[in-house]
Amino acid sequence: MTQQKPLFISHGSPMMAVEKSQTSRFLQQLGQAIPTPSAIVVFSAHFDVKHDVIITAGQQPETIHDFYHFPDELYQIRYPAPGAPKLAQRIATLFADSNINAKLDSQQGWDHGVWIPLRLMYPQANIPIVQISINTRIGAAQNYRYGQLLAQLKNDNILIIGSGGISHNLAEVFKRTKTVNGVDMMNQFRHWVEDKLVNNDIESLLNYQQLAPHAKFNHPTPEHFLPLMSVLGASDNTRANKIHHDVEYELLALDAYSFS
């Protein structure tokens, strides 16, 4: 059985679905470069729930267009990848065995943190997917724990992906008058994260809000960083390898990592 290496992907703007970029080309190549998984499990920044863990369990989930004021062509895109109800049940059992309440949701669809990168990686939409919620109210350590519970799946040719962003300050991107040293603040944070990942400094990463330079500037809210914590947990203490770097709108770092 093939062992899959967990991935963290910065999914960027929804426009990546229709515009060619360095990152869209990277994702297209990545899908061809790694072994084809039998299923994919995704922690996305855009599936943030308050209480119980929610796990998608539908046979054929819908494509969710959870963004506003973009060109009409984006809202016409569908990504008809199947769900994986049996895998969803297996994952729910792993959570239950650790006394974490997890609920199966047969109606939840694929948000754009799922379908935009996966449509580039696997355009045939023929690989079953399960999506697991994050929770911005419980901190980095518990989202890391979510990933730890799933570490065994990668030994069964199941690809675990965290889909978020190494930096994600949209308010700053669209400000008329930008913070003077904002680009430097982004780069300091990005380099700090890279250093901690490649040196397997999990403790520092779990405390990034207190320890990382300009953490609040780069992540005013934590939803785009927490999928990295979940996939870090799923990596089973293996060291990260940086496999891509790009920056969008000067401030959104689109780095990607593989854990091996």
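In what follows, residues are counted from 1 in the order of the sequence shown.
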Review point. Counting N and O atoms only, with roles assigned by atom type, does the side chain of Tyr79 sit under 3.5 Å from a partner on the main chain of Leu118, one being a donor and the other an acceptor?
Key: yes

Practice item. May I ask you to test the Met185-Pro213 pair for a side-chain heavy-atom distance under 4.5 Å? Key: no

Study note, to complete from the structure: When every non-hydrogen atom of Asn135 is compared with those of Arg137, the smallest separation belongs to OD1-N, 2.8 Å

Revision key, fill the gap. Rounded to the nearest 0.5 Å, the OH atom of Tyr144 sits from the OG atom of Ser230 at a distance of 11.0 Å

Practice item. Determine, for Arg25 against Asp246, whether the closest basic-nitrogen to carboxylate-oxygen distance falls under 4.0 angstrom. Key: no

Point to revise | Any side-chain donor near an acceptor of the partner, Gln124 and Asn126, under 3.5 Å | key: yes

Practice item. Starting from the C-alpha separation in whole Å, work towards a yes-or-no answer on ring pair (Phe, Tyr, Trp, His ring centres under 6.0 Å) for His112 and His65. Key: CA-CA 6 Å; His112 78 270; His65 300 86; 9.6 Å; no

Practice item. Report yes or no: does Ser24 contribute a side-chain atom to a donor-acceptor pair with the main-chain N or O of Lys20 at less than 3.5 Å? Key: no

Exercise for review: Mind checking the CD1-CG spacing from Ile134 to Asp48? Nearest 0.5 Å is all I need.
Suggested key: 4.5 Å

Study note, to complete from the structure: On a heavy-atom basis, the closest approach of Tyr122 and Pro37 is OH-CD, 3.4 Å

Check your understanding: Any idea which heavy atoms bring Arg190 and Ala253 closest together, and the distance?
Key -> CD-CB, 3.6 Å

**Study point:** Side chains of Arg90 and Leu153 in contact at under 4.5 Å (non-hydrogen atoms)
**Key:** yes

Review point. Taking all non-hydrogen atoms of both residues, which atom of Ala17 and which atom of Arg119 are closest, and how far apart?
Key: O-NH1, 3.1 Å

Review point. Below 4.5 Å, heavy atoms only, C-beta onward: do Leu251 and Ser167 meet side chain to side chain?
Key: no

Check your understanding: After noting the C-alpha distance and the side-chain angles of Trp115 and Ile77, does the key distance pass the side chain to side chain contact (heavy atoms under 4.5 Å, CB included) rule?
Key -> CA-CA 10 Å; Trp115 66 263; Ile77 293 174; 3.5 Å; yes

Review point. So, the side chain of Asn199 versus the backbone of Asp201: is there a donor-acceptor pair under 3.5 Å, distance only?
Key: no

**Study point:** Close side-chain approach of Ile116 to Pro14, heavy-atom, < 4.5 Å
**Key:** yes

Review point. Measuring from Gln148:CD to Ser235:OG, what's the distance to the nearest 0.5 Å?
Key: 9.0 Å

Check your understanding: Within a radius of less than 6.0 Å around NZ of Lys103, do more than 12 heavy atoms belonging to other residues, nucleotides or ligands occur?
Key -> no

Review point. Do Tyr146 and Ile160 belong to the same hydrophobic cluster, where Ile, Leu, Val, Met, Phe, Trp and Tyr are linked whenever their side-chain heavy atoms lie under 4.5 Å apart, directly or via other members?
Key: yes

Point to revise | Exam field: side chain Ser133 to backbone Ile54, donor-acceptor pair closer than 3.5 Å | key: yes

Review point. Hey, does the side chain of Ser106 reach the backbone of Ala57 with a donor-acceptor pair shorter than 3.5 angstrom?
Key: no

Point to revise | Residue pairs, two or more places apart or on separate chains, that pass ring pair (Phe, Tyr, Trp, His ring centres under 6.0 Å) and touch residues 147-195 | key: His168-His224, Phe189-His219, Phe189-Phe225

Check your understanding: Which residue, Lys5, Gln3, Gln4, forms the side-chain contact (heavy atoms from CB on, under 4.5 Å) with Pro35?
Key -> Gln4

Check your understanding: Are any side-chain N or O atoms of Lys216 and backbone N or O atoms of Gln209, one a donor and one an acceptor, separated by less than 3.5 Å?
Key -> no

Review point. Within the side chain of Asn200, is there an N or O that forms a donor-acceptor pair under 3.5 Å with the backbone of Lys196?
Key: no

Point to revise | Shortest non-hydrogen contact from Ala234 toward Pro6 | key: O-CG, 4.0 Å

Review point. Once you round to the nearest 0.5 Å, how far does CG of Asn241 lie from OH of Tyr257?
Key: 10.0 Å

Point to revise | Partners passing ring-ring contact (aromatic ring centres under 6.0 Å, His included) against Phe70 (at least two apart in sequence or in another chain) | key: Phe67

Practice item. Check Gly109 against Pro61 and note the closest heavy-atom contact, atom names and distance. Key: CA-CB, 3.9 Å

Review point. Within the side chain of Asn218, is there an N or O that forms a donor-acceptor pair under 3.5 Å with the backbone of Ala212?
Key: no

Practice item. Let me see the working for Val42 and Ile132 under side chain to side chain contact (heavy atoms under 4.5 Å, CB included), right down to the final yes or no. Key: CA-CA 6 Å; Val42 185; Ile132 304 173; over 6 Å; no

Check your understanding: Short question: side chain of Glu172, backbone of Thr179 - any donor-acceptor pair under 3.5 Å?
Key -> yes

Practice item. Answer yes or no: does atom NZ of Lys242 have more than 12 heavy-atom neighbours from other residues, nucleotides or ligands under 6.0 Å? Key: yes

Point to revise | Heavy-atom side-chain contact between Leu252 and Met186 under 4.5 Å | key: no

Exercise for review: Mark yes when over 12 heavy atoms from residues, nucleotides or ligands other than Gln210 sit less than 6.0 Å from its CD; otherwise mark no.
Suggested key: yes

Practice item. Could you verify whether a donor N or O on one side chain and an acceptor N or O on the other, from Glu223 and Thr221, lie under 3.5 Å apart? Key: yes

Exercise for review: Taking the side chain as every heavy atom from C-beta outward, state whether Gln89 and Leu104 have any pair of such atoms under 4.5 Å apart.
Suggested key: yes

Practice item. Answer with yes or no whether the hydrophobic clustering places Tyr208 together with Phe8; edges join I, L, V, M, F, W, Y residues whose side-chain heavy atoms lie under 4.5 Å apart. Key: yes

Practice item. Assess the side chains of Asp111 and Ser44: does a donor N or O sit below 3.5 Å from an acceptor N or O? Key: yes

Check your understanding: Phe26 and ring pair (Phe, Tyr, Trp, His ring centres under 6.0 Å): which partner among His244, His245, His11?
Key -> His244

Review point. Hey, are the side chains of Ile9 and Met121 touching, using non-hydrogen atoms and a 4.5 Å cut-off?
Key: yes

Point to revise | Shared hydrophobic cluster for Phe47 and Leu7 (ILVMFWY, side-chain gaps under 4.5 Å) | key: no

Point to revise | Co-membership, hydrophobic cluster, residues Ile166 and Leu211, 4.5 Å side-chain | key: yes

Review point. Are Leu150 and Ile91 close enough, and set up right, to give a side chain to side chain contact (heavy atoms under 4.5 Å, CB included), and what steps lead you there?
Key: CA-CA 7 Å; Leu150 308 185; Ile91 292 169; 3.7 Å; yes

Revision key, fill the gap. One should read off an interatomic distance between Ile161 CD1 and Gln131 CD, to the nearest 0.5 angstrom, of 11.0 Å

**Study point:** Residues, nucleotides or ligands: over 12 heavy atoms within 6.0 Å of Glu203 CD
**Key:** no

Exercise for review: Check whether any side-chain heavy atom of Gln152 lies under 4.5 Å from a side-chain heavy atom of Asp236, and answer yes or no.
Suggested key: no

Exercise for review: Identify whether Leu30 and Ile129 are in the same connected component of the hydrophobic contact network (ILVMFWY, side-chain heavy atoms under 4.5 Å).
Suggested key: yes

Practice item. State the CD-CZ distance between Gln76 and Arg78, to the nearest 0.5 angstrom. Key: 6.5 Å

Point to revise | Candidate pair Asn101 and Val53, rule side chain to side chain contact (heavy atoms under 4.5 Å, CB included), full reasoning | key: CA-CA 6 Å; Asn101 195 22; Val53 176; over 6 Å; no

